[in-house]
Amino acid sequence: LKGARLFQFEKIANRLKKNTHQTTLEVNLTRLQSNFDSIRTAIKPTTKIMAMVKALAYGNGGFQIAKLLEYNDIAFLGVEYTDEATNLRSSGITAPLIVLNPDLNSLEPYTEQNIQPVIYSFESLEAVKKQPIKVHLEFDTGMHRLGFTLSDVPKLIKVIKSNPLIEVCSVFSHLAVADNPANDEFTLKQIEEYTVICDLLQEGINQPFIRHISNTAGIERFPHAQFDMVRLGIGLYGISTLGKNSSLQPVSTFKSYITQIREVNAGEGIGYGQFDKAETKRRIAIIAVGYADGFNRSFSQGKGYFLINGQRAKVVGNVCMDMTMCDVTKISCSVGDEVIIFGDNPRVEELAKAAETIPYEILTNVSERVNRVFYQE
């Protein structure tokens with residue numbers, strides 16, 4: 001649905017949607033487009049963009065976001081597992097798909113659906129070498145997760161040259177600490193080693209390939225490392241290493257509502273375990289969101305809060321599977337009132353700090369049972 005917010009198109013959406021769980025994640029596609037455009041202006045015109053849509057597009061909704069990116073002539077879409085790629089294909093996505101951690105027991109998706117696997121070991125290379133297939137080679141330059149190493153290059157060149165069916169589409173590595181200025185020396189060493197690897201491979205296999213190492217933090221902080229392509233991940237969804245200096249905007253708003261308000265007498269605890277007893281009488285609102293929806297249990301007993309009618313309502317007691325209680329003694333509110341879990345206020349970054357985690361986890365924890373509502377301004 002497209003239109004200004006004043007027309008309240010969400011009311012039409014409520015009539016049309018299949019699911020009835022009223023806790024929703026509203027995804028602003030106009031802001032997503034703005035974030036994409038902002039990143040695009042920050043890179044060279046010749047630099048391609050690979051957009052990460054793994055984990056349901058960081059919790060926001062895979063197909064709809066993939067479709068918008070496809071409309072923007074994205075070079076590649078990145079997912080983690082084969083099933084994510086085949087699901088996007090069956091939904092009608094036609095852009096090239098890269099699978100970072102492929103299941104190579106069946107190669108049919110990779111040989112017939114323009115789904116391209118990442119190859120990170122000689123074992124995975126062995127699984128595909130007899131097929132006409134486009135691959136992306138991953139190198140470990142310091143992350144110490146998946147990937148070949150610099151010392152593997154001579155053997156890798158021999159294997160690729162002896163298997164002409166293999167087409168090396170790109171060579172890449174992952175920056176481990178590009179978001180942390182205290183570790184810039186390490187990041188620069190990663191970029192330097194990666195450059196050496198690419199130069200050796202280019203000379204050895206005599207095939208042109210795309211070079212890419214920069215994630216969102218790399219795009220923002222190391223412009224000299226754009227190479228042929230960058231990988232746009234968390235920045236697409238409004239999270240930046242630049243903090244308040246960033247032009248990126250939050251894309252999603254996680255909302256629920258008040259299901260009941262009750263009076264709790266002084267000295268009485270709240271919820272499982274009967275925690276958070278108080279010396280005075282309180283009004284407690286029950287919110288239709290719990291850890292099964294993605295509101296982490298670590299927000300229990302005052303570590304988390306909601307925004308209700310512009311005011312912060314502190315979580316009391318333990319977060320339950322499907323409900324959470326909060327103190328609204330000093331807040332004017334009623335049953336049915338909207339509750340903001342995250343969005344413009346509070347932001348995902350604030351919740352991550354309170355939960356002692358990272359924004360990635362807050363976003364991707366939003367359960368699939370939570371309705372995704374997509375709109376444009």
Side-chain angles (χ1 to χ4, degrees), residues 19-26 55-56 58-60 234 237-239 250 252-373:
N19 298 335
T20 58
H21 186 29
Q22 293 181 54
T23 297
T24 62
L25 188 75
E26 294 186 355
L56 204 66
Y58 290 47
N60 289 281
I234 195 75
Y237 309 103
I239 309 297
S252 53
T253 303
F254 193 12
K255 293 182 177 182
S256 189
Y257 63 100
I258 298 173
T259 59
Q260 188 177 19
I261 297 174
R262 61 188 320 114
E263 304 287 336
V264 175
N265 292 325
E268 295 184 356
I270 306 295
Y272 291 117
Q274 288 292 284
F275 293 103
D276 287 345
K277 296 178 182 178
E279 296 179 356
T280 57
K281 190 175 183 179
R282 294 172 291 172
R283 291 177 75 233
I284 302 298
I286 293 80
I287 313 302
V289 67
Y291 55 76
D293 300 291
F295 190 67
N296 201 296
R297 197 171 184 273
S298 64
F299 292 125
S300 299
Q301 301 175 48
K303 290 185 178 179
Y305 59 88
F306 302 111
L307 194 72
I308 301 175
N309 294 332
Q311 294 182 268
R312 294 188 173 190
K314 186 172 69 173
V315 170
V316 291
N318 283 331
V319 175
C320 304
M321 183 181 292
D322 311 296
M323 290 171 279
T324 302
M325 291 71 72
C326 63
D327 189 338
V328 294
T329 304
K330 297 181 180 181
I331 299 175
S332 176
C333 57
S334 305
V335 170
D337 280 0
E338 181 179 85
V339 175
I340 304 297
I341 302 159
F342 66 69
D344 287 338
N345 181 24
R347 289 178 64 109
V348 168
E349 296 94 324
E350 294 178 63
L351 267 68
K353 185 176 181 179
E356 297 182 353
T357 185
I358 56 177
Y360 295 79
E361 185 176 11
I362 300 297
L363 285 172
T364 59
N365 273 358
V366 178
S367 168
E368 288 196 49
R369 83 176 182 183
V370 173
N371 292 317
R372 269 72 174 173
V373 178

Exercise. V328 versus I308: any side-chain heavy-atom pair under 4.5 Å?
Worked result: yes
Problem set entry | Pair F299 and F295, ring centroids less than 6.0 Å apart | yes
Exercise. Going by distance alone, is a donor N or O of one side chain under 3.5 Å from an acceptor N or O of the other, for S252 and N60?
Worked result: yes
Exercise. Going from CE on M325 to NZ on K314, what distance comes out if it is rounded to the nearest 0.5 angstrom?
Worked result: 14.0 Å
For this session: Would you give the length of the straight line joining atom CG of N345 to atom CG of L307, rounded to the nearest 0.5 angstrom?
Result: 5.0 Å
Exercise. Between CG of N296 and OG1 of T357, what distance do you get to the nearest 0.5 Å?
Worked result: 7.5 Å
Problem set entry | Any side-chain donor near an acceptor of the partner, Y305 and R312, under 3.5 Å | yes
Seminar exercise, completed: Minimal heavy-atom distance between L351 and P346, with the atoms involved, is CD1-CG, 3.6 Å
Problem set entry | Heavy-atom check, side chain of T329 versus side chain of I284, under 4.5 Å | no
For this session: State, yes or no, whether a side-chain contact exists between R372 and T24 at a heavy-atom distance under 4.5 Å.
Result: no
Problem set entry | Step-by-step salt bridge (charged side-chain N to carboxylate O under 4.0 Å, His left out) determination, D322 to R369 | CA-CA 11 Å; D322 311 296; R369 83 176 182 183; 2.7 Å; yes
For this session: Measure the shortest side-chain to side-chain distance between V348 and L363 over non-hydrogen atoms and say whether it is less than 4.5 angstrom.
Result: yes
Check residues 258-273 and write down every donor-acceptor pair under 3.5 Å in which the side-chain atom is one partner and the other belongs to a residue at least two apart or another chain.
from: T259; atom 1: OG1; to: I286; atom 2: O; distance (Å): 3.0
from: Q260; atom 1: OE1; to: R262; atom 2: NH1; distance (Å): 3.3

Problem set entry | Working for side chain to side chain contact (heavy atoms under 4.5 Å, CB included), residues F342 and T253 | CA-CA 6 Å; F342 66 69; T253 303; over 6 Å; no
Seminar exercise, completed: Separation between CE (M321) and CG (D293), nearest 0.5 Å, reads 10.5 Å
Exercise. Hey, what do you get for OG (S256) to CG (L25), rounding to the nearest 0.5 Å?
Worked result: 12.0 Å
For this session: Measure centre to centre between the rings of F306 and Y257, then say whether the value is under 6.0 Å.
Result: no
Exercise. Any Lys/Arg nitrogen of R283 or D327 sitting under 4.0 Å from an Asp/Glu carboxylate oxygen of the other?
Worked result: no
For this session: Enter the distance from K255:NZ to I287:CD1 here, rounded to the nearest 0.5 Å.
Result: 14.0 Å
Problem set entry | Minimum side-chain heavy-atom gap N318-R297 below 4.5 Å | yes
For this session: Decide side chain to side chain contact (heavy atoms under 4.5 Å, CB included) for V316 and F275; before the verdict, give the C-alpha distance in whole Å, the side-chain angles of both, and the deciding distance to 0.1 Å.
Result: CA-CA 8 Å; V316 291; F275 293 103; over 6 Å; no
Exercise. Is any side-chain heavy atom of E356 closer than 4.5 Å to a side-chain heavy atom of S298?
Worked result: no
Exercise. Are I362 and F254 close enough that some pair of their side-chain heavy atoms sits under 4.5 Å apart?
Worked result: no
Problem set entry | Closest contact, heavy atoms only, P250 versus D344 | CG-OD1, 3.7 Å
Exercise. For Y360 and Y237, what are the C-alpha separation, side-chain angles and deciding distance, and is it a ring-ring contact (aromatic ring centres under 6.0 Å, His included)?
Worked result: CA-CA 10 Å; Y360 295 79; Y237 309 103; 9.6 Å; no
Exercise. If only atom types and distance count, is the side chain of S367 paired as donor or acceptor with the main-chain N or O of A292 below 3.5 Å?
Worked result: yes
Exercise. Under a 4.5 Å cut-off applied to non-hydrogen side-chain atoms, are D337 and N309 in contact?
Worked result: yes
